[in-house]
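Input: a single structure, listed below in structure tokens.
Just so it is clear, the model here is predicted, and its values are computed rather than measured. Quick note on labels: first sequence line is chain A, next is B, and so on, each numbered from 1.
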Protein chains: 4
Amino acid sequence: MPHDSALTQLEFRLQPDAATIRPGGRTARVAKDVRDATLAELNEHGYAGLTVENVAERSGVHKTTIYRRWGGVDGLIVNALDLASQDDWGPPDTGTLEGDLTGLVHEVLELFTDPVEGIAPAAFIAATYHSERAAEAMTSLYVDRHARAAVAVTRAIERGEIPADTDPGAVVRAAVAPLYYRLFITREPIDRQIADQAVAAALAATMAGVFAQSPKSARSSRKR
Amino acid sequence: MPHDSALTQLEFRLQPDAATIRPGGRTARVAKDVRDATLAELNEHGYAGLTVENVAERSGVHKTTIYRRWGGVDGLIVNALDLASQDDWGPPDTGTLEGDLTGLVHEVLELFTDPVEGIAPAAFIAATYHSERAAEAMTSLYVDRHARAAVAVTRAIERGEIPADTDPGAVVRAAVAPLYYRLFITREPIDRQIADQAVAAALAATMAGVFAQSPKSARSSRKR
Amino acid sequence: MPHDSALTQLEFRLQPDAATIRPGGRTARVAKDVRDATLAELNEHGYAGLTVENVAERSGVHKTTIYRRWGGVDGLIVNALDLASQDDWGPPDTGTLEGDLTGLVHEVLELFTDPVEGIAPAAFIAATYHSERAAEAMTSLYVDRHARAAVAVTRAIERGEIPADTDPGAVVRAAVAPLYYRLFITREPIDRQIADQAVAAALAATMAGVFAQSPKSARSSRKR
Amino acid sequence: MPHDSALTQLEFRLQPDAATIRPGGRTARVAKDVRDATLAELNEHGYAGLTVENVAERSGVHKTTIYRRWGGVDGLIVNALDLASQDDWGPPDTGTLEGDLTGLVHEVLELFTDPVEGIAPAAFIAATYHSERAAEAMTSLYVDRHARAAVAVTRAIERGEIPADTDPGAVVRAAVAPLYYRLFITREPIDRQIADQAVAAALAATMAGVFAQSPKSARSSRKR
DNA sequence: TGTTAACCGAGACGGTACGTCGCGTCTTTCT
DNA sequence: AGAAAGACGCGACGTACCGTCTCGGTTAACA
């Protein structure tokens, strides 16, 4: 995740939109206006305040048009999420797995700790509970993120830092899960110490072979 | 958490209501009817389908009365959450920390895997994103749960099973976080293997001293 | 009508209440508080703003009590109207019918022209359209007023000023009707000139024998 | 006023609606349905029983739409009143002023005496006390009616029947005022005799020069 | 000088209607 | 022909005031 802001993170480039039918002219301009308005509304009023009517008003695009092209609030959210997943983010490369994971969790920490820009991400989570489409888009976004972050783990395997049969995705999840858990489930505050602790825990488990993909080692680790 | 169902979990005892001003007669009956209807609606239609109007209809209590006493959907949720936190749940006691934690995560697993009753808890999470009051109630509920579960860890410390300065709450969170993360954030499926893996990871981290409350040992574990 | 104000006009004496069972103490005090609050509310917010709840609030008398004793908004209005009819008003006595009638219409004029106190009377008219009881009370009030004013006409007959068989009530009505018509039906403004014109018209008709009670003279006047 | 009924009187022509932006199809149909339902409700339940909800129900037009287009009960009334003022009514032409005025008051008499259709007009009066907009519409309706009726007086002037400087409107008002006064203010019953008496009084006053527009003659008439 | 019937306070409730918001559809008009 | 403009249907919201009920506490008239 980029270290600057949620908006930058989500607003990203438009080129991938080339997949749509009409890249140039009014159609594209309308799409951009709607997307901008969606994100702005999301940041200002959160998910609950994101209405088709307001987006129409703000973007200058007629309500009917929004329904035609995006099909409702759902579509607006999905639209924004899709874009978010199309950025060129990659995990840091510090030379050690601990360093990489620490960088990763700190990015999460900063992203959601920022008092202003941090609103939008929570709004996406909220959207998830109202729209199946949003939920799906969300899932695929996270899958994508995990896959990208997993290369840091793969590098560690290649360096011989951790067991060869470690499941890269599992390590990434283990590192970030405690943060998201506190952020969105229990709503407890998070700080640098907690983030570092999560990394340490993930590393300890990894070294102990908990995330080994061969059932044997996983079992043995539990049997101790 | 009890292993039977979300409803049982939340519907718990009524006696605490005695704290209210008018314990007898209609007032209490109304309160019960509304609570029942709230939970039923939540289970059937989820948070999005929980409307004051429906609860009024179902409970036979008039809409105006619900607004007067509970102030809207918010209050209904909080009401249910408060009750949920008043049960007498406690963690299993199997003799080993691994056993206790495994029992704990399996409870979570069953609770949210159950196709019918499992709807309500997700609804509570959703509510959290719409109502500050619900979010606060949710937080205090989780804090309560963690505190109760922590006794299993304390027992392990007393048995000398794990480092003496281990933070009990941290261990509990580490064990359940991955499950909630997948359930409510990434919406990936969970199963027994993942639950067990989460316990194993938490244990490994604990043994490595990651959750030690003295900064020194935490650091040393990371430096390793 | 008294020349001072609508409030004075309506607030009148309480003694007739002696008909009720408990004249003394709290009961009477409650009655007075309610009546005062009713008139105050009527003057401030008009009929539409006269609610049992507000009167209860303002008077410090409980809502339930008001319903018990007055039965609702209707009763409050009727209560006020009854009192109004119990004042000791009488028409002026200037020595000529024209003078008496002019004094009469000027009283009406002033009463309803006064920008502040004039609100209440209109409120009574409004009440008339919502409550049969209020309408009846209103009718009997006007009948009473007409009867009192008629003495001025009777005096004129005795003085030989007008035809002996003149119907006193008809003359009074003829004099005031145009004012009320403009005030409450067409809502056109009224002024001294219009009031005087109404008197002149009533006099002219009277002199022409239009209000003679023997059918013969009335007919002859129409035949011209 | 047409001699048939209140409904006919008010239901009049629809064409003027062409002034609105979308004359065709649904919009116009909705307008008509709402107007019909309004009048029907008014006739059946009077003003007090005229609720937006009932009109919506009866007309098959949704409540929200009514609020959007008419803004509430006020607007419904005004709508009906406006229509009422758009008819092509004119006073009778019998050849004498007495005949014309008698025809006029008899129309009023019949209109408000009719036990069934006569409800609506009273409802309009009632509306007047609750809605400034309704009151204004009412005023302009009466002004319009008076202006039309005044031509009968003008004809009489041209025939030399009455003083040349007579104020036509004043004569009309003088003739109808007593009826309305009894109908809506004192709620006393009216009959043919009273109506005829009112005409006779108005004529007598007119002949005496009471309604002369030059101040001089008016004064002289009062001096007798 | 008690007693006791009448009256009052307090609070919750059911009920009707209000006026508003936002969604999503459909129709008319305009280009 | 097809999109812009806009009216509409629809479900729910949250509020105001109505009138009722239950309970419990006062008070004033009368024995």
Side-chain angles (χ1 to χ4, degrees), chain A residues 26-27 30 48-57 60-74, chain B residues 20-22 24-31 48-57 60-74, chain C residues 20-31 33-34 48-57 60-69 71-74, chain D residues 20-31 34 48-57 60-74:
Chain A
R26 186 174 58 178
T27 299
V30 161
L50 180 70
T51 71
V52 171
E53 229 128 75
N54 287 345
V55 170
E57 168 82 13
V61 173
H62 199 273
K63 194 172 73 154
T64 316
T65 304
I66 293 181
Y67 277 107
R68 258 194 300 265
R69 287 192 55 182
W70 289 273
V73 175
D74 276 29
Chain B
T20 57
I21 310 180
R22 296 191 165 200
R26 186 171 60 171
T27 298
R29 195 169 56 250
V30 161
L50 180 70
T51 71
V52 171
E53 224 129 77
N54 286 346
V55 171
E57 168 82 15
V61 171
H62 204 273
K63 189 173 71 154
T64 314
T65 300
I66 294 181
Y67 278 109
R68 266 192 291 248
R69 283 191 58 179
W70 291 274
V73 174
D74 275 30
Chain C
T20 57
I21 309 179
R22 297 189 165 202
R26 184 173 61 173
T27 298
R29 195 168 55 250
V30 161
D33 290 347
V34 167
L50 181 69
T51 71
V52 171
E53 227 128 75
N54 286 346
V55 170
E57 169 82 14
V61 172
H62 200 271
K63 193 172 72 153
T64 315
T65 301
I66 294 181
Y67 277 107
R68 264 193 294 251
R69 286 195 54 182
V73 175
D74 276 29
Chain D
T20 57
I21 309 181
R22 297 192 163 201
R26 185 173 58 171
T27 299
R29 197 168 53 250
V30 161
V34 167
L50 181 70
T51 72
V52 171
E53 225 130 76
N54 285 346
V55 170
E57 169 84 13
V61 171
H62 203 272
K63 188 173 71 153
T64 314
T65 300
I66 293 180
Y67 277 109
R68 268 191 290 241
R69 282 191 62 179
W70 290 275
V73 175
D74 275 29

Does OP1 or OP2 of [N] have a side-chain N or O of [X] closer than 4.0 Å?
X: D:Tyr67; N: E:dT20; value: no
X: D:Arg69; N: F:dC8; value: yes
X: C:Arg68; N: E:dA6; value: no

Contacts of A:Thr64 meeting side chain to side chain donor-acceptor pair (under 3.5 Å) (sequence neighbours excluded), chain-then-number -> A:His62
Hits for side-chain contact (heavy atoms from CB on, under 4.5 Å) against B:Glu53, two or more places apart or cross-chain, chain-then-number order -> B:Thr51, B:Lys63
Whichever of D:Thr64 and B:Glu53 has the more 5' nearest nucleotide on DNA chain F, that residue is D:Thr64
Heavy-atom nearest nucleotide on DNA chain F taken for D:Val30 and for B:Gly72; more 5' hit belongs to D:Val30
DNA chain E nearest-nucleotide lookup for D:Asn54 and C:Val61: closer to the 5′ end is C:Val61
With a 4.0 Å cut-off on heavy atoms, is [X] in touch with a base, just the backbone sugar-phosphate, or nothing at all?
X: D:Gly71; result: nothing
X: B:Thr51; result: sugar-phosphate
X: A:Thr65; result: sugar-phosphate
X: C:Gly60; result: sugar-phosphate

In the structure I gave you, are the side-chain heavy atoms of C:Arg69 and C:Val61 within less than 4.5 Å of one another anywhere? no
Separation of [X] atom [atom1] from [N] atom [atom2], in whole Å?
X: C:Leu50; N: F:dC18; atom1: CG; atom2: C1'; answer: 13 Å
X: D:Arg29; N: E:dC26; atom1: CZ; atom2: C1'; answer: 12 Å
X: D:Ile66; N: E:dA17; atom1: CD1; atom2: C1'; answer: 13 Å
X: B:Asp74; N: F:dC13; atom1: CG; atom2: P; answer: 12 Å

message: Any N or O donor-acceptor pair under 3.5 Å from the base of F:dG19 to the side chain of C:Lys63?
response: yes
Is it the case that the base of E:dA10 and the side chain of C:His62 share a donor-acceptor contact (distance under 3.5 Å, atom types as modelled)? yes
Closest non-hydrogen atoms of B:Val52 and B:Tyr67, given as atom of the first, atom of the second and distance, are CG1-CE1, 3.6 Å
Closest non-hydrogen contact found for D:Val55 with D:Val34 is CG1-O, 4.1 Å
